[in-house]
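To keep things clear, I will list the structure first and then write my remarks on it.
Quantities reported herein were computed from a predicted structural model and do not represent experimental measurements.
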Amino acid sequence: MQCSTRRMGIMTDVHRRFLQLLMTHGVLEEQAVKRLQKHCYKVHDRNAAVEKLEDFINNINSVLESLYIEVKKGVTEDDGRPVYALVNLATTSISKMASDFAENELDLFRKALELIIDSESGFASSTNILNLVDQLKGKKMRKKEAEQVLQKFVQNKWLIEKEGEFTLHSRAILEMEQYIRETYPDSVKMCNICHSLLIQGQSCETCGIRMHLPCVAKYFQSNSEPRCPHCNDYWPHEIPEIFNPEKEREAGISTSNKKSLRSRQH
Amino acid sequence: MPRGQKSKLRARAKRCQGRSETKGLGGAQATAAEEENSPSSASPLLGDRSQNLPTAGTRSTPKSPQRAAGVSCADSNEGANSQNEESSDESYCEDPLNEKVVLLVEFLLRKYQAKEPITKADMLKSVIKNKKYQFPEILKRASEHMELAFGIDLKEVDPIRHCYTFVNKLDLTADDMVIDEENTPKTGLLMIVLAVIFKKGNCATEEEVWKVLNLMGVYAGKKHSIYGEPKKVLTQELVQMKYLEYRQVPNSDPPRYEFLWGPRARVETSKMKVLEFLAKVHDTTPSAFPSCYEEAMKDEEERARARIEARARSSAMATARAKAKPSSSSCPK
């Protein structure tokens, strides 16, 4: 098959600026990505028609493919917002963080990561993470310092904090999914619908299969009697609403759309 | 579960190895394959690197709707036969340096984002390793990729010590940074903190910042009607948005923390603007703070100079590009 893996897109400064800025931000929500794209056109090519985002990104990815780099699209686990990050596929590790953190800090992240993956809810409590401080490699770290390091992870969009508990930011999921699946093959959870990594979600109490909240929302959309896709038992959880960007723009007018699940952490 | 990227990679590498008969390379890859399955406890930078080789062109990926980034026809090649891999293997094998080029680009991108300088020694140790003699070729190709894909140039600044630095061919300005968030009413709070930092010699301890904020009725841990919870705003939100830097005072025990201007603050505002804000608050003029005023003036001069240079550079590049090639928009995909 004469493959279009060889189909090369064209890179212009529009694309390069887009990539640089996406890289700077780490991860961006779709609305911001669209604004970014328009902005890049404005700077370099005012008169050109702004390409559809999906095509724009596919174009970029075809050029980046030979570098094993990709603009990857994901979805936030708590409220289904589309997000984008520049992801490196050549190495599967947490090396992306290596330049910003010391050895003991990286090890703290690994410990938190392990607790998060092993947990039922996808969250690890601050206390449990801090109790592992003695087991860290590298320079000795005290709990007080560890608290600050955890905050640093939040600032750099690797973790999200909610009421004293930590889970993975969508950035971490996008960048490290491969690493996580390879490092924790036994404890990692997967979504029954989209078959990708699951940290937070709902599970069937009978057969144990799991689904992301946005996947649940889409799967059971306008279904008055939601049933488990695997064992057909009644689905016992509240069905969240699908993220709708139009409704978001009217925010403040109607609060009945917002479920308590939503937290603007991203 | 679809065939993992790494197993495809190993298979490809072995085929490549067989053809090129580089025994040394084979040895390295064999041990890499063996070590690969154990979770890496070594330094993520070096330890993992030796175990992870770039994947073959046809990647297998989980078929999830989340993967919008279409990798050309990789998915349709999924069930594909070795025949396809064989033909692309040949071009891959003609290119045994390719792996190192890819890893070097990743390394350079990380250094670029961290704003760290790079040395040849660094690159040899972290990436090049056993391919020392091909360093110039690998570096050349990696630089070309960086330039083509990202518009970032790698320049050797010290030919004796082999130090390199990055030059961004694109001129990033304040406009570029204001992308990702909705309007924030925290501007007032931010300006005050920036002013405190500036006044304290461009670095203020956390205590110094809170002292000033407390005078205004803003306290850590006490939710404010406009600003929300101030400590969270200062140490998380504004840091995440790159307006502030928050770090531990070096060698402080027990740990104490300090604030500095973040890169975005440096781009979006200036010492002079912050000084003007401060002056207004005190109902006076900027010149009432002589040492700050002098520093702000110098800063303004430097900014003006940088703007002029950048404009000259970009207009020169634009004319060069216009002369050099046909319009890119006419190229078919």
Side-chain angles (χ1 to χ4, degrees), chain A residues 1 3-5 7 9-13 16-17 19-21 23-25 28-29 32 35-36 39 48 54 57-59 61-65 67-68 70-75 88-100 103 106 144-145 148 151 154-155 157 178 182-183 194-196, chain B residues 4-6 39-41 43-45 48-49 52 54-55 57-59 62-74 77 80 84 88 102-103 105-106 109-111 113-114 116 145 148-152 168 170 172 175-176 179-180 235-236 239-240 246 248 254-255 257 328-329 331 333:
Chain A
M1 195 200 291
C3 206
S4 45
T5 35
R7 174 198 55 180
I10 309 293
M11 284 292 269
T12 67
D13 279 350
R16 293 183 192 106
R17 183 170 293 251
L19 278 182
Q20 280 198 26
L21 293 173
M23 235 187 351
T24 308
H25 285 101
L28 279 179
E29 291 190 22
R35 284 197 297 272
L36 177 61
H39 165 80
E54 194 181 330
I57 289 181
N58 286 347
N59 186 14
N61 281 341
S62 67
V63 175
L64 295 182
E65 193 186 351
L67 293 175
Y68 298 93
E70 183 187 345
V71 175
K72 197 165 167 198
K73 180 179 180 182
V75 164
N88 194 296
L89 302 161
T91 54
T92 58
S93 70
I94 60 175
S95 59
K96 193 73 180 261
M97 297 171 72
S99 48
D100 294 327
E103 190 190 351
L106 288 173
K144 241 327 158 108
E145 284 171 66
Q148 290 297 336
Q151 289 312 312
V154 171
Q155 283 155 19
K157 302 183 190 171
Q178 216 179 318
E182 285 167 11
T183 314
C194 68
H195 306 293
S196 39
Chain B
Q5 302 179 30
K6 278 181 159 181
S40 167
S41 54
S43 148
L45 188 57
D48 286 334
R49 175 109 342 98
N52 295 285
T55 63
T58 48
R59 282 198 290 275
K63 291 192 192 345
S64 88
Q66 294 177 0
R67 281 203 74 247
V71 181
S72 339
C73 64
N77 268 349
N84 196 37
S88 43
V102 169
L103 292 174
V105 169
E106 191 215 352
L109 282 175
R110 255 183 298 120
K111 286 290 192 181
Q113 288 180 76
E116 285 171 14
H145 280 297
L148 173 70
F150 297 93
I152 298 169
N168 192 345
L170 304 176
L172 296 188
D175 280 340
D176 289 305
I179 300 291
D180 66 344
T235 61
Q236 283 186 30
V239 175
Q240 230 181 44
Y246 179 64
Q248 185 176 346
Y257 296 86
S328 59
S329 54
C331 290
K333 270 201 188 168

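Interface residue A/Leu64: only side-chain heavy atoms are found under 4.5 Å from chain B.
With chain A as partner, the option from B/Leu170, B/Leu109, B/Val239 having the largest number of non-hydrogen pairs under 4.5 angstrom is B/Leu170. For the options A/Met23, A/Lys144, A/Glu145, A/Gln151, heavy-atom pairs under 4.5 Å to chain B are most numerous at A/Met23.
Distance OH/B/Tyr257 to CD/A/Gln148: 4.0 Å, rounded to 0.5 Å.
In this structure a side-chain-to-backbone donor-acceptor pair under 3.5 Å is present from A/Gln155 to B/Thr235. Although no hydrogens or angles enter the test, the distance criterion places a donor-acceptor pair under 3.5 Å between the side chain of A/Arg16 and the main chain of B/Leu148.
With contacts defined as side-chain heavy-atom distances shorter than 4.5 Å, the pair B/Glu106/A/Tyr68 does not qualify. Under the 4.5 Å side-chain criterion, counting only non-hydrogen atoms from C-beta, B/Gln240 is in contact with A/Val154. Using a 4.5 Å cut-off on side-chain heavy atoms (C-beta onward), B/Gln113 and A/Thr24 make no contact.
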